[in-house]
Amino acid sequence: MPERRPLSVEIRAWLQKELALWQQQDLLSGDQVRAILAQYESEQTARQNSQNVFLYSLGGLAALLMAAAVLLLVSFNWQEIPPAGKLAVIFGSLILTYATGAFAWQIGFPRVAEVVFFFAALLYGAAIWLIAQIFHMSAHYPDGYFWWAVGVLPLAIILDTLPLHVLFAFLLGTWFSTEIIGFRHLGAVIFGWRIPAAPNIVLLAPIMAAPGIWLAYRGKSFARLGIYLSLIVFWISLQPVAWRWEETSAFFIAAVGSMLLILGESHPPRSPLSIPYRVLGVILYGGALLPLSFTWFNDWYKSSHVLLMTLVIAASTGLVLAAAEFVRFRLLEQGKKDQADLVVDIRQRQWFPLALAGVIMVLALLPAVTGDVGIVLALLVANAAMIGLAIWLMWVGLRDDRGQPFVAGIVYFMIWMFARYADLFGIVGGMLGAAALFATCGLLIGGFAWFWHRRKQVLHG
């Protein structure tokens, strides 16, 4: 028998009411109603799952508070304990906590075990710093976060719980950000050796995050994908700092955003796993376009790395297109025409994110154009891209029948209007100009709301 799909208590109550109405109208028989409800979890199971989530959240909070209490208790008497006693307290606490978690898991209390193991992961991190303090070890302090993350990673993979994934992502992000921002002058670390001439890009970070991405896709988990995709995007966004190309950060971040939008459109239509890519892509691309659309930025910006930046963006875009074409060709060779047509559909949906990547290539090259011509062209291209992004988001909302992208498009269009008013008409327009702008925004929002309401009526009767 196939596994029953989860269904919240509220949606189940609505479904039961609708099914009863359809049965009264002789649209469904009693057996069909029971067969439909059998596809989903029972109301008792749904309520129990909801209670488990609540209790699990309280357990995680309790574990966090217990870890803080233990640390404060030990710290109060820490100076009075001899070094051997300190080590005994540290290792004894770790062994006892991990053993308790394993025992709870063995006797059939997985939720209790997960809370205990989360508590153990916190104690493990505290043990790293306490042992360093005992032996007065003055080491490279980001290594402490690294080894803490290494210890949490197996627990996160085996138990696959959100608190452990969040803790691991926080530790890994803290490690590579402190390495890149605070110690880029020391060079890269390769197999334990420092190479001062190489940029400190911390290549191990995405490798350690890869199992989390794999777990997210295996379990089709929106939350896990959001956690680890945000982590990898954060690592990529710090690369201009590692390479000492901070002046290209706006272009680089926008390019990363366009790649995320391309990857988001590479998923099947209406796939929930495409949402983290789209959300992060819009934040990065839309946020980077904002300064690029102002006169002061284009007048100030000058960089010697624009050509290389353009080549990197072009190469990344080309790899995405080549990969899609290779997959389509292999599917056609295997006689899977329907799946090959799906690749063609995905490629057609990628046209606008690909165009956004092309816009960034153009914007990266325009500062090389001398005089005011390059500035004017850059302003026109950046503002056109902002308007296009807002319209595309609204179109995605209509295409997928989702309100969030549609509203995001409206909000981004409003941001563009306010930016242009501040940039061009703020001094001239004054209060009257602001009043006109607010009135225009209000009318537009009201018009969009009426349009969305009418569309829902047409689609759903």
Side-chain angles (χ1 to χ4, degrees), residues 57 60 64 118 121 125 142 145-146 148-150 152-153 155-157 159-182 200-242 246 249-267 271-290 316 320 353 356-357 360 389 393 396 402 404-405 407-408 411-412:
S57 301
L64 186 63
F118 180 68
Y145 293 107
F146 169 75
W148 191 354
V150 168
V152 174
L153 179 57
L155 291 178
I157 294 174
L159 299 177
D160 194 19
T161 62
L162 280 180
L164 285 172
H165 285 303
V166 171
L167 178 61
F168 172 73
F170 171 77
L171 294 172
L172 192 64
T174 304
W175 168 58
F176 67 70
S177 61
T178 52
E179 280 282 0
I180 294 174
I181 297 174
N200 190 15
I201 63 173
V202 195
L203 189 58
L204 190 58
I207 297 174
M208 293 178 67
I213 297 286
W214 175 75
L215 285 174
Y217 273 96
R218 189 191 67 171
K220 294 181 174 58
S221 173
F222 168 86
R224 287 163 180 77
L225 182 60
I227 291 170
Y228 285 99
L229 188 61
S230 301
L231 184 69
I232 291 178
V233 168
F234 181 42
W235 173 78
I236 295 174
S237 300
L238 288 176
Q239 293 310 301
V241 179
E246 289 90 341
S249 293
F251 298 100
F252 185 82
I253 290 174
V256 173
S258 66
M259 292 299 109
L260 289 171
L261 293 175
I262 291 171
L263 292 173
E265 293 300 305
S266 301
H267 291 75
S271 171
L273 296 179
S274 67
I275 297 176
Y277 291 93
R278 188 179 302 132
V279 170
L280 291 170
V282 168
I283 291 174
L284 293 184
Y285 195 91
L289 270 185
L290 193 57
S316 302
V320 172
L356 292 180
I360 291 302
L389 180 59
L393 284 172
V396 168
R402 285 192 174 120
Q404 292 87 348
V407 172
V411 171
Y412 194 66

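Just so you know, these numbers come straight off a predicted model, no measurement behind them.
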Considering all heavy atoms of both residues, which atom of [X] and which atom of [Y] are nearest to each other, and what is their separation?
| X | Y | answer |
| --- | --- | --- |
| A250 | A288 | O-CB, 3.4 Å |
| A156 | L215 | O-CD1, 4.2 Å |
| T178 | P142 | OG1-CB, 3.5 Å |
| P240 | F252 | CG-CD2, 3.4 Å |
| W148 | A121 | NE1-O, 2.9 Å |

How would you list, by chain and number, every residue that makes a side chain to side chain contact (heavy atoms under 4.5 Å, CB included) with [X], sequence neighbours excluded?
| X | answer |
| --- | --- |
| L153 | I157, F168 |
| V241 | I180, R184, E246 |
| A210 | none |
| A169 | I227, L231 |

*Are L155 and L167 close enough, and set up right, to give a side chain to side chain contact (heavy atoms under 4.5 Å, CB included), and what steps lead you there?*
CA-CA 11 Å; L155 291 178; L167 178 61; over 6 Å; no
Interatomic spacing from [atom1] in [X] to [atom2] in [Y] - rounded to 0.5 Å:
| X | Y | atom1 | atom2 | result |
| --- | --- | --- | --- | --- |
| L389 | S258 | CG | OG | 11.0 Å |
| S274 | L260 | OG | CG | 12.0 Å |
| I232 | S237 | CD1 | OG | 11.5 Å |
| L162 | F118 | CG | CZ | 11.0 Å |

Tabulate below the donor-acceptor pairs under 3.5 Å that side-chain atoms of residues 277-285 make, not counting sequence neighbours, or state none.
| unit_1 | atom_1 | unit_2 | atom_2 | d |
| --- | --- | --- | --- | --- |
| Y277 | OH | Y217 | OH | 2.8 |
| R278 | NH2 | E265 | OE2 | 3.4 |
| Y285 | OH | L356 | O | 2.8 |

*Taking W235 for its side chain and L203 for its backbone only, find out whether a donor-acceptor pair lies under 3.5 Å.*
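Looks like no, no N/O pair under 3.5 Å.
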Within-4.5 Å side-chain heavy-atom neighbours: [X] and [Y]:
| X | Y | answer |
| --- | --- | --- |
| L172 | V152 | no |
| Y145 | E179 | no |
| V202 | L238 | no |
| I275 | R402 | yes |

_Within residues 163-175 or reaching into it, pairs that qualify as side-chain hydrogen bond (donor to acceptor under 3.5 Å, both in side chains) - sequence neighbours excluded_ = D160-H165, H165-Y228
_Under the rule for side-chain hydrogen bond (donor to acceptor under 3.5 Å, both in side chains), what residues qualify as partners of S177, not counting sequence neighbours?_
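Scan of S177 (side-chain hydrogen bond (donor to acceptor under 3.5 Å, both in side chains), adjacent residues dropped) gives none.
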*With sequence neighbours left out, what residues match Y412 under ring-ring contact (aromatic ring centres under 6.0 Å, His included)?*
none
*Can you sort out the partners of F234 under ring-ring contact (aromatic ring centres under 6.0 Å, His included), two or more places apart, ordered by chain and number?*
F176
